[in-house]
Each structure stands twice: as structure tokens, then as C-alpha cells.
Amino acid sequence: MRIAVPNKGRLHEPTIDLLERAGLHLENGADRKLYADTVDPDVTVLFARAADIPEYVSDGAADLGITGFDQVQEARVDNVSELLDLEFGRCRLVLAAPEDGDIDSVEDLAGKTVATEFPNITEDFFADTGVEPDIVEVSGATELTPHVEMADAIVDITSTGTTLKMNRLAVVDEVLSSSVRLFGRDDVLDEPKIGEVRTALSSVKQAEGKRYLMMNVPRDRLEDVRDVIPGLGGPTIMDIADEDDGESTVAVHAVVDERNVFETITEVKSAGASDILVTEIERLVE
Ligand SMILES: Nc1ncnc2c1ncn2[C@@H]1O[C@H](COP(=O)(O)OP(=O)(O)OP(=O)(O)O)[C@@H](O)[C@H]1O
Ligand SMILES: O=P(O)(O)OC[C@H]1O[C@H](OP(=O)(O)OP(=O)(O)O)[C@H](O)[C@@H]1O
Ligand SMILES: [Mg+2]
């Protein structure tokens with residue numbers, strides 16, 4: 001089974017990092033290689049351009065792909081399905097025009113020219129509005145085109161807004177909201193290995209923002225402690241050997257949202273817990 005992942009650009013590192021955290025450690029994956037093996041002999045990683053990945057999966061060069069939703073939409077592939085929103089690479093595709101120009105709405109683009117790296121998405125966007133500008137495909141530096149009379153407006157990616165601002169462009173409308181997705185070719189979605197990879201990646205996402213809390217609690221204080229733990233499906237309670245003084249103690253483990261850790265520690269401590277440990281969670285398979 002092959003997974004196509006971005007070979008460079010801003011999605012490369014976070015994608016490799018996610019595979020590693022999911023337990024799919026890459027082997028012999030030196031820079032500039034086209035393929036890397038993983039610890040799982042049945043899983044190979046194929047490095048490709050972010051924009052080419054949907055096509056690779058659709059054509060069968062790979063079975064799974066990881067790339068931006070914008071790229072999947074642009075590729076217009078009809079035999080792949082999304083399996084997971086990996087929630088990084090968040091950005092928006094926007095229609096933008098010079099700040100001091102006369103384009104303030106989509107209607108102002110009738111008979112004008114729009115430059116973009118995403119001609120298909122742009123075409124679909126305008127088809128819905130009934131306005132039909134000329135669409136010019138460029139392969140980069142799109143923000144420059146309105147300043148060199150190549151275009152009146154652009155459809156391009158923005159996240160912080162810095163690039164638009166630097167080029168004195170203002171957002172006219174939102175076209176698409178994107179993040180990185182795991183997707184697969186429809187004819188292989190039932191294969192067990194596809195499910196295994198999806199579960200491994202999803203378990204990393206599930207664990208993000210969660211902490212594992214462990215503590216000792218005198219048995220007669222257990223209810224008080226249990227009441228203040230906002231655990232996922234309730235805490236796990238384990239007997240531990242009785243203390244020398246005959247007092248009975250239990251170990252309490254719980255998965256807690258990291259935003260609640262500070263408050264929970266204060267509360268369980270005053271409810272009688274001691275020896276409180278907080279650890280990170282690598283993966284959480286629900
Ligand atoms: N500023 C951004 N913030 C968040 N995500 C982004 C941003 N720019 C691009 N992306 C996401 O990353 C994907 C790939 O963009 P990136 O710039 O890494 O590669 P590229 O420029 O298409 O690649 P190449 O260098 O091979 O031409 C985009 O399709 C989008 O999903
Ligand atoms: O809103 P911002 O945070 O400024 O991000 C937007 C910019 O990010 C992307 O370019 P990238 O940095 O990937 O460079 P590239 O043109 O070489 O792909 C995109 O093409 C925009 O130009
Ligand atoms: Mg880019």
C-alpha cells in the first residue's frame with residue numbers, strides 16, 4: 001500500500017512528523033528520494049508535489065494521499081474520498097483585488113481578468129455567481145499580476161493575510177476554506193491496511209490537546225475525587241497494595257483536556273489525591 005505525501009513546501013515536515021507520531025516511522029527516507037519504506041513492510045511512502053497528489057491517488061500510483069483540500073478540489077478527481085481532516089495547513093482561497101481599485105464585489109469582475117494557480121476552483125466559484133471573467137492560469141507569484149496589468153483580481157491562498165497586505169490587495173470574497181486531508185481511492189477503501197493507517201493517524205489527532213493524569217487516592221475520598229475529574233468516559237480505578245498503616249488507597253487514571261489540567265489538579269488535590277502525575281499522550285484509539 002502506498003501513501004503519497006508532499007515532497008517539499010510547507011506541508012512536507014508536518015506530514016512526516018504526523019506519520020512518525022502515528023508509528024509509521026520512515027526508513028531509508030533520505031532527502032530527494034521518491035520513495036521511503038516504513039516500519040510496516042506493507043506501507044510505502046511516495047513523495048510528490050502537493051498539487052499532484054490527488055492525481056497520483058486517482059490514477060493508482062498511490063492508494064492514499066495526504067495534501068490540502070484545495071488541491072483535491074482543484075484536481076477534479078471523482079474516484080477518491082476523504083478519510084480524515086488532519087487539521088493542519090489551514091488556509092483560505094480568496095478572491096482579492098487592489099485595495100485602491102474599483103473592484104469591491106464579485107459583480108465588478110464581469111468582463112475582467114482573474115489570475116490564479118487554481119483555475120478549476122475559480123471556474124466553479126464564478127459559475128455559481130453568474131459572472132464570467134477570463135481566468136488566467138499562473139504557476140506562482142499570483143499576487144504580482146494585478147500590478148503588472150496581467151489581471152484585475154486574483155484567487156489565491158491566504159492564511160495570516162501578510163502576503164495580500166504586502167501587495168496592497170484586499171479580500172473581495174471567500175472562495176474555499178482548506179486544511180490538509182487524508183483521502184483514498186474508492187476501490188481500495190475496504191482494504192484492512194487502509195483502515196489501519198486511518199486509525200493510526202486519527203489516534204494521533206485524538207491525543208492532541210489531551211493529558212493523562214495519574215494519582216493516588218484514599219479509598220474513602222474516591223467519590224469526592226471522581227466528582228471533580230472531567231474524564232473521557234470516567235476515570236480508571238485500580239487497587240494498589242494497602243499501606244502499612246492499613247489505610248486503603250486506589251490509583252486513579254484519567255484522560256483530561258489540557259485546558260482543564262490546571263484546574264483539575266487543584267481540585268483533586270483538595271479532594272484528597274496525592275502523588276499526582278501528568279503525562280502527554282502519543283495516541284488515543286477510541
Ligand atoms: N500560507 C499558507 N498557510 C497554510 N497553508 C498553506 C499556505 N500556503 C499553502 N498552504 C497549503 O499547502 C499546500 C501546498 O502549498 P506549498 O506552498 O507548500 O506548496 P506549493 O507552493 O504548491 O509547492 P511547490 O513548491 O511544489 O510549487 C496548499 O495547497 C495549501 O493547501
Ligand atoms: O497569508 P499569508 O500567511 O501571507 O500566506 C499566503 C501565502 O502563502 C503561500 O505562499 P508560500 O509561502 O507557500 O510561498 P510559495 O508562493 O513559494 O508557494 C500562498 O501562495 C500565499 O502567497
Ligand atoms: Mg506555496
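Counting convention: from 1, in listed order, for ligands and their atoms alike. This is a predicted model, so every value here is computed, not measured.
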According to a hydrophobic-cluster definition based on side-chain heavy atoms being under 4.5 Å apart (Ile, Leu, Val, Met, Phe, Trp, Tyr only), do V171 and I121 belong together? no
Between T44 and A36, what is the shortest heavy-atom contact and its length? CG2-O, 3.4 Å
Exceeds 12 heavy-atom contacts within 6.0 angstrom, atom OH of Y56: no
If you count the atoms of ligand 2 from 1 in the order shown, which ones are under 4.0 Å from a heavy atom of T162? 1 (O), 4 (O)
Contacting atoms of ligand 1, where contact means under 4.0 angstrom from a heavy atom of G9: 18 (O)
Contact check: T158 vs ligand 1, nitrogen or oxygen atoms, below 3.5 angstrom: no
In ligand 1, the atoms that come under 4.0 Å of a heavy atom of R49 are 24 (P), 26 (O), 27 (O)
Would you check whether G89 reaches within less than 4.0 Å of ligand 1, judged by its heavy atoms? yes
Among S159, A48, A50, C91, which residue places a heavy atom closest to atom 14 (C) of ligand 1? A50
Any carboxylate oxygen within less than 4.0 angstrom of a Lys/Arg side-chain nitrogen, looking at R168 and E99? no
Step by step, would you call S58 with N79 a side-chain hydrogen bond (donor to acceptor under 3.5 Å, both in side chains)? CA-CA 6 Å; S58 174; N79 61 339; 2.8 Å; yes
Taking heavy atoms and a distance under 4.0 Å, where does E143 meet ligand 2: side chain, backbone, both or neither? side chain
Could you tell me which non-hydrogen atom of T15 sits nearest to which non-hydrogen atom of P6, and how far apart they are? OG1-CD, 4.0 Å
What are the two closest heavy atoms between F125 and E174, and how far apart are they? CE1-O, 3.7 Å
Which one of D156, L164, T142 has a non-hydrogen atom at the shortest distance from atom 20 (O) of ligand 2? D156
When you measure from the heavy atoms of G140 to every atom of ligand 2, does any distance fall below 4.0 Å? no
Quickly, which of E280, H253, E282 forms a side-chain hydrogen bond (donor to acceptor under 3.5 Å, both in side chains) with Y212? Name it, please. H253
Proximity to ligand 1 by part of E117, non-hydrogen separation under 4.0 Å: neither
Out of K8, R10, R92, who gets a non-hydrogen atom closest to atom 11 (P) of ligand 2? R10
List ligand 2 atoms under 4.0 Å from T160, heavy atoms only on the residue side. 1 (O), 2 (P), 3 (O), 4 (O)
For ligand 1, which atoms sit closer than 4.0 Å to a heavy atom of G68? 31 (O)
For K8, the atoms of ligand 1 under 4.0 Å from one of its heavy atoms are 24 (P), 25 (O), 26 (O)
If I compare all heavy atoms of A115 with all of T145, which pair ends up nearest, and what's the gap? CB-OG1, 3.4 Å
Out of V180, D70, D52, T160, who is nearest to atom 31 (O) of ligand 1 when you count heavy atoms only? D70
Ion pair K193/D63, N-O distance below 4.0 Å: no
Would you name the heavy atoms of L201 and A22 that are closest together and state the gap between them? CD2-CB, 3.7 Å
So is there a nitrogen or oxygen of Q71 less than 3.5 Å from a nitrogen or oxygen in ligand 1? yes
Does the N or O separation between I157 and ligand 2 drop below 3.5 Å for any pair? no
